[in-house]
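Notes to accompany the following structure.
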Amino acid sequence: MSIWIGKDTRLVVQGITGRDGSFHTRQTMEAGTNVVAGVTPGKGGQLFDGKVPVFNTVAEAVQATGANCSVIYVPPAAAAGAMQEASDGGIPLVVCVTEGVPVLDMTTVMPYLAERGTRLIGPNCPGLITPGEAKVGIIPASICKPGRVGLVSRSGTLTYEVVHHLTASGFGQSTCVGIGGDPIVGTNFIDVLRAFQDDPKTEAIVMIGEIGGTAEQEAAEFVLSYLRKPVVGFVAGQTAPKGRRMGHAGAIISGSSGTADEKFAAFESAGIGIMRRPVDVVELLKARLK
Amino acid sequence: MSIWIGKDTRLVVQGITGRDGSFHTRQTMEAGTNVVAGVTPGKGGQLFDGKVPVFNTVAEAVQATGANCSVIYVPPAAAAGAMQEASDGGIPLVVCVTEGVPVLDMTTVMPYLAERGTRLIGPNCPGLITPGEAKVGIIPASICKPGRVGLVSRSGTLTYEVVHHLTASGFGQSTCVGIGGDPIVGTNFIDVLRAFQDDPKTEAIVMIGEIGGTAEQEAAEFVLSYLRKPVVGFVAGQTAPKGRRMGHAGAIISGSSGTADEKFAAFESAGIGIMRRPVDVVELLKARLK
Amino acid sequence: MNLHEYQARALLKAAGVPVPDGDVAATPSEAEAIARRVGGTVVVKAQVHAGGRGKAGGVKLARGPAEARECASQILGMTIKGLVVNKVLVVPAADIATESYVGLILDRKTQKPVFMVSDAGGIDIEEVAAKTPEKITRLPIDPRYGLLPHQALQLALALYKDWSQAKAAMQILRQLYGVFMANGCTLAEINPLVTTPEGKVLALDAKMTIDDNELDRRPDLAVLRDESSEEQSEVTARRANLTFIKLDGNVGCVVNGAGLAMATMDLVKYYGGEPANFLDIGGSSNPEKVVSALKIITADPNVKVILFNIFGGITRTDDVANGIVAATKQFKVDVPIVIRLTGTNEQEAFRILESVGMTAMNDMDAAVSKAVKLAGEAA
Amino acid sequence: MNLHEYQARALLKAAGVPVPDGDVAATPSEAEAIARRVGGTVVVKAQVHAGGRGKAGGVKLARGPAEARECASQILGMTIKGLVVNKVLVVPAADIATESYVGLILDRKTQKPVFMVSDAGGIDIEEVAAKTPEKITRLPIDPRYGLLPHQALQLALALYKDWSQAKAAMQILRQLYGVFMANGCTLAEINPLVTTPEGKVLALDAKMTIDDNELDRRPDLAVLRDESSEEQSEVTARRANLTFIKLDGNVGCVVNGAGLAMATMDLVKYYGGEPANFLDIGGSSNPEKVVSALKIITADPNVKVILFNIFGGITRTDDVANGIVAATKQFKVDVPIVIRLTGTNEQEAFRILESVGMTAMNDMDAAVSKAVKLAGEAA
């Protein structure tokens, strides 16, 4: 494995019998991921697609299958409870794909998970993939290939666009992580950057930010002080108006802060290669990775 | 200092201008304790008894005086807030004398203090005294004298009775700690026993329990496994009826558990010297301390 | 403070917990009217703070209003474990398929409310707890987060295999937790939580204890106290800010501090006597409190001697001495008084007592053994 | 979702925060009636989701009912930053001794609600924040414990030296925190919080933003949305479950995913064009959504070209292709459509489009630059 998921990942899917959960579970299994269990309260004892045992609770699933990673596809109002359940059930890595989780819910979910040492990715994120080993979430495996570029992003399809360019130009990926577009997310750029720095398989890093907040600026400072690997970056939303939520709950420029210009400037002063367009990732990496 | 308080203690009194607070502050100062500040919201800027500066908040008091210990005499409904304020203000040792604190308040006070590394003694406790150095709380200094016996108790006046016998028979005390009679207390027998074991000035330990709960039983187990100093113990409430709260909120026998017999039996099997009467402390210690 | 079943039931009902129809009655005709309204066979249940109501004849089945009236007139006014029954609860007799236990208790060790649930509920739950504790699922709840959905689910699945019953139980557990927290409980239990043959989940009996320390800030809870069901001496004591518990012995005790009060009772027993009460006059006592204490104790005809045991710390022993003198001037005390005073202002206290011809002692053991001896002589 | 001042004020008032008398009016005569009731000089304030109301003439002083009617008729119907004023708030003009700022904001970094208070409040608070940030006291609140008494005290003392005013502020801070938490806010502010010459503390203006993600589970909050104050195209889009924001350019964009949608707009700009909108059709889109999207975009007369940029992951590109075909059958699209599709089922999608004579591209840059070129030719 590169970072966080790989061949040893034993995945439990919370909300496996739902519309999104069942669709993505199949995709995940096709990508070679070891899906060991599903959870849907009231459906314990069933078999999903005749293969994956379904449990009423995460605790039961963990006990029966040794699951060590969870992905969540439950409705927004149940998402906070699902994250807490996974954490309380002893899952060290929880990925919440669910979009639309009320942000105040997250203010108590975060300390609950912190007390239990659980890493959360998301909510409202596409999850992560270590090409050729495992995928947890919804990033299409077909556009990825194993390699040496680590990617971290606040976005979904924009990530695919960049991965698509990487793969097409021969740059495989160590792990691609979509951290999600909400104002409060469990794992931020810095967490992923640190993991990539410490991961021997990752030789260069692509960071895809967007408007809103200061996560990219803090990440840039961290790059300057800690990272010894080349980093290139993009920020979506250069043309976004102020005060409007651009789809993602977190993508909103408040007052004069959180603009793309501000973030690009921070990237520049941290020595991060600036992608003006998604496609620029290729030339920038070529120049940095011999 | 013996345990927790001594010559280095810089005390701030929360509720210093109240009836109890002012009375006990004077007693505390007479006992030689370094009272550096008082706190009463709305009375910041005053001087208590022309000597002790009064502040509106603990944070201000700590900043101005370097207080490192707090004692609380505020009314019960304000006690939880006062404990949290002291903890948030960076006080490492908080003693809550206030009686009648709702126990549900304590269920959130405890994790709040734990997160900040604050030790709480009480609530509903007489506090502690290191004779000749400092007293924090209401144990009368006049009945104590410096020495080598450590005392820990769930009670107030019963403690004085025992201390009185100790002092009268020549046994001085290292530190006397009243942990309080409530169902939820910040510091329990085991915390104090461990500190006495680790304190070179303490050579023998007196433990005074009462009916209700299982704190004495757990303490007895701890004595057996950890303590290398002689321990003698008493349990009040041998004649208490079941299901009645004997004054202290914690002194209640539920079902068949929490009886004095059960606790004495635990003492016995841990090799703790059994005091049938308070006065027995003298002969028991004489036999154990040459 | 313990609530009566009908009070606990009302709190649960207000929170949405399904309880049987019915109401509380103070007279046989009220009971009859309730029975008529709910129809069919009813249960008439004594409302009293004592376990074992059933075995004591405090719970009766009545086939219709007339029988309900008859049962109520038998139960109202009866005494169970020394307590008079002033009210009965009249509820329809339920068909019961299963009986579970659901309790929430303030736990000292975890310092949290702890759920205890078992599908082996009913009157034998204490035996279950003692003999087969593995049949009880315990789960501490962190009040900072409340009862989380997965915790409610885990508990509900420990009660019911049927999914619709488990969902009903989840809801009831949440409501019970809400009632516990909102009312400053130290205990709240539903026993039994039943299922009917049709599969409905219903709270058949409830018990609740409210933390006495909540009552000052919660007048809405304080009014739930039913003083008519308490020892009148204890009610009087509470109004005088004394902590008093009546016992069966003949040595009346007046002590400052709860621990010392218990130790004094223990020492009475040690020297062969029997304490007539627990009485703590508290820390910062004043002479009036001492007068009230003496009034309450002397009202008990069993008391043959009165023992004061005061260790003056905050308590000024001269205040206590003044109180004793004032009391003996206000009313005649027919039994001997043994006084032990030590600590703050003790010389002044001794002087005050001597000025009216009373004597005091300094040593606890000497005072207690003297009191026991005097009680023995008087008995 | 931003609330109007009158809505925020109502929530605060219900929580006990002292606000001036007054009410909201939709007509001049309603405004007159309110002015008559409250008496004296009143302020008539435009209720509109835009800053700088005062400078735009949306806030007027009126000496009595007749003037209030006159002011209301001037303000109602006026346009401030593109938004029509449909309501005015009429409140008595207050005498002001001091102006403070009290805000509570959901902070990304601490992942908590953070209080920001300053005794330098009023309309210049943003300048204060920018130039003298030390005048603003910031305090994160842990929602597991709520706003603790000492925190409220610390904030109140940062606002007022006077103890009775500080106590009033503590109460208001608690109430504001309660409103924030109870209504799923991401922002709640009182600006200015004033003191009157008599020393009373009063919330003169309030602003609140509710997390859009709360609205599904909180119908009581969802009804507060004032669609009459929004772009009608955005209302239509929301009802079709599309995320749409109208802009001023001429390149209409239809994209799947918020990040890619923003990046598409950026690329339009990069190639010299101007996007006409942000539009995210979401992840699991279906043909009907594409039809709705095309309807909304073609309704904008500025649009000279429509650009599809679809990266098929979850989204099936054949669904999108079918949607485009269905839309062009339902209504005539007068402007050229540039289509970029890649990913899931792209061959099928290309086939569908070719079957009706449309073509699609595979590359984002090529598609965007072509769309920009076509828009330039049409302009």
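Lettering of chains follows the sequences in order, A, B, ..., and the numbering in each one begins at 1.
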> How far apart are the C-alpha atoms of Arg108(D) and Thr214(A), what are their side-chain angles, what is the distance that settles it, and do they pass the side-chain contact (heavy atoms from CB on, under 4.5 Å) test?
Replying inline: CA-CA 8 Å; Arg108(D) 297 165 190 239; Thr214(A) 55; over 6 Å; no
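- For the atom pair Asp266(D) CG and Arg276(A) CZ, the distance stands at 10.0 Å (nearest 0.5 Å).
- Side-chain contact check for Asn256(D) and Thr157(A): no donor-acceptor pair (N or O, by modelled atom type) lies under 3.5 Å.
- When heavy atoms are compared at a cutoff of 4.5 Å, Arg245(A) approaches chain D by way of both its backbone and its side chain.
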>> Let's go through Gln111(D) and Met106(A) carefully: what are the C-alpha distance in whole Å and the side-chain angles of both, what is the deciding distance for side-chain contact (heavy atoms from CB on, under 4.5 Å) to 0.1 Å, and is it a yes or a no?
In response: CA-CA 8 Å; Gln111(D) 307 192 325; Met106(A) 292 308 300; over 6 Å; no
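- Only the side chain of Tyr271(D) comes within contact range of chain A, with at least one heavy atom under 4.5 Å from a heavy atom of that chain.
- Heavy atoms closer than 4.5 Å to chain A are found nowhere in Thr209(D), neither backbone nor side chain.
- Both the backbone and the side chain of Pro183(A) come within less than 4.5 Å of a heavy atom in chain D.
- Scanning all heavy atoms of the two residues, the minimum distance from Glu214(D) to Pro102(A) falls at OE2-CB, 3.4 Å.
- For the pair Val103(A) and Thr186(D), the minimum side-chain heavy-atom distance is below 4.5 Å.
- For Asp211(D), the part lying near chain A is the side chain, with the backbone staying farther off; criterion is any non-hydrogen pair under 4.5 Å.
- Formation of a donor-acceptor pair under 3.5 Å by the Arg144(D) side chain with backbone atoms of Tyr112(A) is not found in this model.
- For Ile310(D), no part sits under 4.5 Å from any heavy atom of chain A, backbone or side chain.
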